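Given the structure is predicted, the values throughout are model-derived calculations rather than measurements. We number each residue from 1, following the sequence as shown.
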Amino acid sequence: MINIKTFVCNPVQENCFIVNDETQEAVVIDCGAFFGNERKAVAQYIKDNGLTLRHVLCTHAHFDHIFGLDTLYEEFGIRPRLHQADNFIYENMSEQVAGFLGVSYERQMPPLGSQLTDGELIAFGSHQLKVLHTPGHSPGSVIFYIESEKVLFAGDTLFRMSVGRTDLEGGSWQQLMDSLHHVVATLPADVKVYTGHGPATMIGDEVQMNPYFED
């Protein structure tokens with residue numbers, strides 16, 4: 001049995017997830033904590049609940065999903081992991097923030113850990129996440145699937161009745177459509193989807209009613 005804690009972070013209301021099981025081992029997915037109180041809350045939750053942080057994972061490298069990685073690195077010494085195709089985005093953090101928020105961003109991003117690969121299994125406690133490469137929103141977008149719990153962390157590949165934008169550098173509408181139809185839609189209908197922004201949803205509901213799944 002897993003426990004999922006959601007923190008809604010930063011000016012664009014990104015969902016950061018802390019996932020743990022009965023062993024108290026945990027992973028953080030998409031730490032977008034920006035403001036000081038957000039950063040403190042994420043780190044304090046891990047400490048207060050006696051969690052052992054094993055992995056810091058990124059569905060992609062857009063600024064709103066990676067703001068808090070330096071705090072996790074400083075507090076717990078864990079290097080974040082993402083797909084290699086998004087390295088160039090990660091390396092341009094200050095330019096991203098300036099372009100989208102119009103402010104200067106001087107914090108240093110932490111060094112990356114090993115690259116995520118399609119089909120990789122990432123273990124924590126008695127569970128494992130499967131990495132599925134879903135390019136489109138960004139070249140290196142991935143989703144994380146915990147098959148034993150019927151849970152998916154979709155980043156910005158899929159939202160409730162919508163999908164992520166593809167007009168940013170490296171984005172591709174055709175790749176996103178391929179990812180939705182050939183990866184996401186193949187998952188069981190009763191899988192619960194935790195999205196990068198907004199409320200959770202179900203695979204079955206999205207395949208049936210999300211207009212972007214229409215042929």
Apart from Leu121 itself, members of its ILVMFWY cluster (side-chain separation under 4.5 Å) are none

Could you measure the distance from the OG atom of Ser94 to the CZ atom of Arg107? Nearest 0.5 Å is fine.
14.0 Å

We want to know whether Thr6 and Asn15 form a side-chain donor-acceptor pair, criterion being a heavy-atom distance below 3.5 angstrom.
no

Under a single-linkage rule joining Ile, Leu, Val, Met, Phe, Trp and Tyr whose side-chain heavy atoms are separated by less than 4.5 Å, which residues share a cluster with Ile89?
Phe88

Lys47 atom NZ, neighbour heavy-atom count above 12 within 6.0 Å:
yes

If only atom types and distance count, is the side chain of Glu75 paired as donor or acceptor with the main-chain N or O of Ala43 below 3.5 Å?
no

Honestly curious: do Val191 and Met202 fall in one hydrophobic cluster under the side-chain, below-4.5 Å linking rule?
no

Are the side chains of Leu158 and Asn210 in touch, meaning some heavy atoms are under 4.5 Å apart?
yes

Taking C-beta and beyond as the side chain, do Ser114 and Arg81 meet within less than 4.5 Å on heavy atoms?
yes

Begin with the C-alpha distance, continue with both residues' side-chain angles, and end with the deciding distance and a verdict on side chain to side chain contact (heavy atoms under 4.5 Å, CB included) for Ile143 and Thr59.
CA-CA 6 Å; Ile143 58 179; Thr59 60; 6.0 Å; no

Should Pro110 and Pro80 count as side-chain neighbours, where that means a heavy-atom distance under 4.5 Å?
yes

Among all residues two or more places apart in sequence or in another chain, which pass the ring pair (Phe, Tyr, Trp, His ring centres under 6.0 Å) test with His65?
His60, His197

Short side-chain to backbone donor-acceptor contact, Asn10 and Gly32, under 3.5 Å:
yes

Set of side-chain contact (heavy atoms from CB on, under 4.5 Å) partners for Ala41, sequence neighbours left out
Phe7

Identify the two heavy atoms, one from Gly164 and one from Leu176, that lie closest to each other, and give their separation to 0.1 Å.
O-CD2, 3.4 Å

Applying side-chain contact (heavy atoms from CB on, under 4.5 Å) to Asn3 and not counting sequence neighbours gives Asn20, Tyr45

Just by distance, do the side chain of Thr201 and the backbone of Val193 share a donor-acceptor pair under 3.5 Å?
no

Any donor and acceptor pair, going by atom type alone, linking the side chain of Asp70 with main-chain N or O of Met109 inside 3.5 Å?
no

Heavy-atom closest pair (His181 atom, Tyr212 atom, distance to 0.1 Å) is CE1-O, 3.5 Å

State whether the side chain of Gln115 and the backbone N or O of Gln84 hold a donor-acceptor pair below 3.5 Å, judged by distance alone.
yes

Spell out, yes or no, whether Tyr145 and Val151 are grouped together once hydrophobic residues are joined by side-chain heavy atoms under 4.5 Å, including indirect joins.
no

Correct closest heavy-atom pair for Phe159 and Thr195 would be CA-CG2, 3.8 Å

For the CD atom of Glu22 and the CD1 atom of Ile2, what is their distance to the nearest 0.5 Å?
10.5 Å

Nearest 0.5 angstrom please: Leu168 CG to His62 NE2, how far?
4.5 Å

CD/Gln128 to CD/Glu149 distance, rounded to the nearest 0.5 angstrom?
11.5 Å

Might you point out which heavy atoms bring Cys58 and Phe144 nearest each other, and give the distance in Å?
O-CZ, 3.8 Å

Phe213, Leu152: one ILVMFWY side-chain cluster at the under-4.5 Å cut-off?
yes

What I'd like to find out is whether the side chain of Leu51 reaches to under 4.5 Å of the side chain of Phe76, using heavy atoms alone.
no

Spell out, as yes or no, whether a donor-acceptor pair under 3.5 Å connects the side chain of His83 to the backbone of Ala85.
yes

Kindly compute the distance separating CG (Leu112) from CZ (Arg79), expressed to the nearest 0.5 Å.
8.5 Å

Might you point out which heavy atoms bring Val42 and Cys16 nearest each other, and give the distance in Å?
CG2-SG, 4.4 Å

Of Leu72, Ile18, Leu57, the one forming a side-chain contact (heavy atoms from CB on, under 4.5 Å) with Cys31 is Leu72

Check ion pair Arg39-Glu74 (N to O, under 4.0 angstrom)
no

Verify same cluster id: Val131, Leu82 (apolar side-chain graph, 4.5 Å)
no

Return the minimal non-hydrogen interatomic distance between Glu206 and Met161, and the atom names on each side.
OE1-N, 2.8 Å

Taking everything shown except Lys130 itself, do over 12 heavy atoms lie less than 6.0 Å from its NZ?
no

Would you say the side-chain atoms of Glu25 pair up with the backbone N or O of Gly125, donor to acceptor, closer than 3.5 Å?
yes

With a cut-off of 6.0 Å (strictly less than), are more than 12 heavy atoms of other residues, nucleotides or ligands near CD of Gln44?
yes

If you round to the nearest 0.5 Å, how far is CD1 of Ile4 from CG of Asp21?
11.5 Å

Please walk me through it: do Ile203 and Val184 pass side chain to side chain contact (heavy atoms under 4.5 Å, CB included)?
CA-CA 8 Å; Ile203 288 291; Val184 177; 3.7 Å; yes

Linked, directly or transitively: Ile122 and Leu187 (ILVMFWY side chains, under 4.5 Å)
no

After noting the C-alpha distance and the side-chain angles of Val19 and Phe124, does the key distance pass the side chain to side chain contact (heavy atoms under 4.5 Å, CB included) rule?
CA-CA 9 Å; Val19 187; Phe124 71 101; 4.0 Å; yes

Which pairs pass ring pair (Phe, Tyr, Trp, His ring centres under 6.0 Å) with one or both residues in residues 9-34, sequence neighbours excluded?
Phe17-Phe153, Phe17-Tyr194, Phe34-Phe67

Step-by-step side chain to side chain contact (heavy atoms under 4.5 Å, CB included) determination, Ile29 to Leu129
CA-CA 11 Å; Ile29 298 173; Leu129 303 99; 4.0 Å; yes

Strictly distance-based, threshold 3.5 Å: is any side-chain N or O of Asp64 a donor or acceptor partner for the main-chain N or O of Glu14?
no

Side-chain heavy atoms of Thr52 within contact of Gln24, under 4.5 Å:
no

Would you say that more than 12 heavy atoms from the other residues, nucleotides or ligands in this model lie under 6.0 Å from the CD of Glu169, or not?
no

